[in-house]
Amino acid sequence: MIKVLFVCLGNICRSPLAEGIFKDLLEKNNLSDQISCDSAGTLNYHVGSVPDHRSRKVALNHGFELRHKGRQLQIADFEDFDYILGMDNSNMSNIKLLEKNCKNPKAKLFLMRDFDVESSPKEVADPYSKTEKEFEECYQILKRCSKNLLEFLKK
Ligand code: 4NP
């Protein structure tokens with residue numbers, strides 16, 4: 001089983017949406033028995049919370065539900081997961097800081113937009129203080145990157 005973890009700041013907007021998109025893609029490709037995914041945040045503010053209503057609405061608009069409950073990124077995640085994907089550069093800095101506390105890190109670290117066909121910008125912008133329009137844009141970016149990530153993992 002290949003294990004993928006999507007990471008943002010709060011784990012209520014971007015990364016649970018990425019998880020939902022990627023899970024939906026895995027199910028449609030009959031790959032759920034070979035690849036699994038989860039999401040986490042570098043903050044602990046939203047531990048146990050359902051995703052932001054705007055992320056849930058975007059997901060429903062595109063035909064799937066978000067079932068994730070917020071959790072914070074843990075040191076053990078670096079040993080447990082094969083790939084950890086951060087949404088922006090600030091997430092990556094926080095991920096790398098925590099990685100230093102892990103004795104045997106296994107996970108390969110990437111920016112989500114390393115898998116984008118559009119070369120810039122390289123970040124999935126934080127939509128938390130924005131409107132539904134930015135959540136839809138966030139979905140489109142994550143969907144594009146998820147498809148390319150899946151092709152990468154299949155190789
Ligand atoms: P996310 O968005 O990192 O995409 O889940 C945010 C959600 C909450 C906060 C920041 C970003 N917050 O500061 O509470």
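Counting starts at 1 for both ligands and their atoms, following the listed order.
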Report task. Identify whether the distance between the nearest side-chain nitrogen and carboxylate oxygen of Asp24 and Lys143 falls below 4.0 Å. Result -> no
Report summary line: Residue, atom and distance of the protein heavy atom nearest atom 11 (C) of ligand 1 read Asp126 OD2, 3.2 Å
Query raised in the report: Mind checking whether Asn11 has an N or O less than 3.5 Å away from an N or O of ligand 1?
Result: yes
Query raised in the report: Below 3.5 angstrom, do we get any N/O pair linking Pro127 and ligand 1?
Result: no
Query - Polar contact flag for Leu43 and ligand 1 (N/O pairs, less than 3.5 Å) - result: no
Query raised in the report: What residue and atom, counting heavy atoms only, is the protein's closest point to atom 12 (N) of ligand 1, and at what distance?
Result: Tyr128 CE2, 3.6 Å
**Report entry** Atoms in ligand 1 with a heavy atom of Tyr45 nearer than 4.0 Å
**Finding:** 14 (O)
Report task. Considering heavy atoms of the protein only, find what lies nearest to atom 8 (C) of ligand 1 and give residue, atom and distance to 0.1 Å. Result -> His46 NE2, 3.5 Å
Report summary line: Which of Lys106, Lys3, Lys108 passes salt bridge (Lys or Arg N to Asp or Glu O under 4.0 Å) with Asp82? Answer is Lys106
Query raised in the report: atom 4 (O) of ligand 1: which protein heavy atom is closest, and how many Å away?
Result: Arg14 NE, 2.7 Å
Report task. Answer yes or no: is there a side-chain heavy-atom contact under 4.5 Å between Asn91 and Val124? Result -> no
Query raised in the report: What part of Met87, side chain from CB on, backbone N/CA/C/O, both or neither, has a heavy atom under 4.0 Å from ligand 1?
Result: neither
Report summary line: Sorted by chain and number, sequence neighbours left out, side-chain hydrogen bond (donor to acceptor under 3.5 Å, both in side chains) with Lys100 holds for none
Query raised in the report: For ligand 1, does Asp52 get within less than 4.0 Å through its side chain, its backbone, both, or neither, judged by non-hydrogen atoms?
Result: neither
Report summary line: Per-atom filter on ligand 1: closer than 4.0 angstrom to a heavy atom of Ile12 are 5 (O), 7 (C), 8 (C)
Requested in this report: Number the atoms of ligand 1 from 1 as they appear, then name those within less than 4.0 Å of a heavy atom of Cys13, with their elements.
Outcome: 1 (P), 2 (O), 4 (O), 5 (O)
